[in-house]
K.L.:
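Pasting a structure below so you can have a look.
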Amino acid sequence: MAIPLLIDTDMGVDDAVAVAWALASGNEARIVGMTSVEGNVSLAQATANIARWLAGLGVAEMPPIGQGLSQTGRDMPMASHVFGDDGLGGVDLPDPTDFHPTDFRSIYGQAIEAHGRDLTILAIGPLTNLAALLDETPELLARVGRIVVMGGAVWCKGNITPHAEFNFYRDPAAAAAVLSAGLPVSVVPLDVTCQVLLDESHLAHLARSRAARGELLARLIRYPLVREADGGCGQFQVHDATALGVILRPAHFLRAAMGLDVVTEGSEAGASRPRVAKDKSRQVNVVISVNAADLLEDMLESLCDEKFVV
Ligand code: RIB
Ligand code: CA
């Protein structure tokens, strides 16, 4: 049976790769709701990007879509320097006119009411929406089967400060609240996601694959790839698709149960601090390793609709 999936996203390029893979996964996962959160781009842009990307992929029937929250307070960076001003590499996408997002709370409420323990939440942006739900209706998230979070830099250097990964940095208090609430959370940190890399050879396969989405994905990913090539190594880290991989291909990962505290203020805000937690209710599952080659092979096979050897 397809896993009912609610995706909470700040809709940058790697979020879009994850959404494309979820849609391409056939009977493995079914998107039952999507909610936007500010992060890579503004809240309005993240919300619009959900509709633009689904329309670009030719999704005939949009899943229920809700607009979430922005982070207030600290003047924080977004990610236009990586993903472009629109967050999706400036790729030419439709702008659906018949698109009327509701409030994120109704998307969560409906999905949890309909699917309960069968529901998996994939949180691939700052955890602002989930923390708000925890605060307003604490019993709601407790009914969910699983929450998979892309975030944190546990033993590696951060990607927005030396201490912090972007999603946790943008809302450290939200991350701290969600990870300490005793919820069934799996954290997929930068330590692991930075190992799953796409390069030009993968884009070439995508571009010539028989899947219509392939050419669009190649154009989408080329933007950050070239940008990273400006100063990087011409490879693109698919953070959010790796987090989806934990749901679709769990055998490619190892995980360990531990406490994970998040620093909420000061120069190390957003830093993740692992600790031994004997009390299971204070633990989260932290993904500690990935078989990147096998994960990439499976991801690209789904995206290309054809056998793929990396
Ligand atoms: O640090 C990487 C994470 O921050 C990814 O989810 C990326 O899309 C941004 O949201
Ligand atoms: Ca993201």
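Being a predicted model, the structure only gives us computed values, none of them experimental. For the numbers below, each heavy atom of this structure counts, side chains included, while hydrogens, waters and symmetry mates do not. In each ligand, atom 1 is the first atom listed, and ligand 1 is the first ligand listed.
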K.L.:
Measure the distance from atom 6 (O) of ligand 1 to every protein heavy atom, then report the residue, atom name and distance (to 0.1 Å) of the closest one.
P.N.:
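For atom 6 (O) of ligand 1, the nearest protein heavy atom is Asp240 OD1, 2.6 Å.
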K.L.:
Going by heavy atoms in the side chains, are Thr193 and Asp240 under 4.5 Å from each other?
P.N.:
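The answer is no, as the side chains (C-beta and beyond) never meet within the 4.5 Å cut-off.
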K.L.:
Does ligand 1 have a heavy atom under 4.0 Å from the side chain of Thr193, from its backbone, from both, or from neither?
P.N.:
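Looking at Thr193 and ligand 1, no heavy atom falls under 4.0 Å.
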K.L.:
For Asn167, counting its heavy atoms only, list the atoms of ligand 1 lying under 4.0 Å from any of them.
P.N.:
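Counting from 1, the qualifying ligand atoms are 3 (C), 4 (O), 5 (C), 6 (O), 9 (C), 10 (O).
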K.L.:
Closer than 4.0 Å to some heavy atom of Asn159 - which atoms of ligand 1 meet that?
P.N.:
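That gives atoms 1 (O), 2 (C) of ligand 1.
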K.L.:
When you check the gap from the basic side-chain N to the acidic O, do Arg170 and Glu38 get nearer than 4.0 Å?
P.N.:
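Counted as a salt bridge, because a side-chain N and a carboxylate O are separated by less than 4.0 Å.
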K.L.:
Vertex the Ca ion (ligand 2): angle to OD2 of Asp240 and O of Ile124, to 10°?
P.N.:
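Between OD2 of Asp240 and O of Ile124, at the Ca ion (ligand 2), the angle is about 100°.
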K.L.:
Less than 4.0 angstrom from a charged side-chain N to a carboxylate O is my criterion; do Glu139 and Arg143 meet it?
P.N.:
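No.
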K.L.:
If you measure from CG on Leu303 to NE2 on His205, what distance do you get to the nearest 0.5 Å?
P.N.:
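Taking CG in Leu303 and NE2 in His205, the distance rounds to 13.0 Å.
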K.L.:
Does a salt bridge link Arg208 with Glu306, judged by any charged N lying under 4.0 Å from a carboxylate O?
P.N.:
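Result for this pair is no, no salt bridge flagged.
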K.L.:
Between Leu225 and Leu198, what is the shortest heavy-atom contact and its length?
P.N.:
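Looking at all heavy atoms of both residues, the closest pair is CD1-O, 3.5 Å.
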K.L.:
Check each atom of ligand 1 against the heavy atoms of Phe166 and keep those under 4.0 Å away; list them by number with element.
P.N.:
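The list of qualifying atoms is 1 (O), 4 (O), 9 (C), 10 (O).
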K.L.:
One residue to check: Ile124. Relative to ligand 1, which of side chain, backbone, both or neither has a non-hydrogen atom less than 4.0 Å away?
P.N.:
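The answer is the backbone.
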K.L.:
Could you list the atoms of ligand 1 found under 4.0 angstrom from a heavy atom of Asn40?
P.N.:
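So the atoms of ligand 1 that pass are 7 (C), 8 (O), 9 (C), 10 (O).
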K.L.:
What atoms in ligand 1 come closer than 4.0 Å to a heavy atom of Met150?
P.N.:
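Listed by number with element: 2 (C), 3 (C), 5 (C), 6 (O).
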K.L.:
Given atoms OD1 of Asp15 and OD1 of Asp10, what angle do they subtend at the Ca ion (ligand 2), to the nearest 10 degrees?
P.N.:
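So the angle at the metal works out to 90°.
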K.L.:
Can you name the atoms of ligand 1, numbered from 1 with element, that are less than 4.0 Å from a heavy atom of Asp15?
P.N.:
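Answer for ligand 1: 8 (O).
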K.L.:
What atoms of ligand 1 come closer than 4.0 angstrom to any heavy atom of Glu165?
P.N.:
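Per the distance check, 1 (O), 2 (C), 3 (C), 4 (O).
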K.L.:
Let me know which of Arg273, Arg282, Arg275 forms a salt bridge (charged side-chain N to carboxylate O under 4.0 Å, His left out) with Asp261.
P.N.:
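That would be Arg275.
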K.L.:
Do the side chains of Glu28 and Arg249 get close enough for a salt bridge, i.e. N-O under 4.0 angstrom?
P.N.:
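Looking at Glu28 and Arg249, the cut-off is met.
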K.L.:
For ligand 1, which atoms have a heavy atom of Asp14 less than 4.0 angstrom away?
P.N.:
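Near Asp14, meaning under 4.0 Å from one of its heavy atoms, ligand 1 has 5 (C), 6 (O), 7 (C), 8 (O).
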K.L.:
Salt bridge or not between Arg219 and Asp92? Use side-chain N to carboxylate O under 4.0 Å.
P.N.:
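No salt bridge links Arg219 with Asp92.
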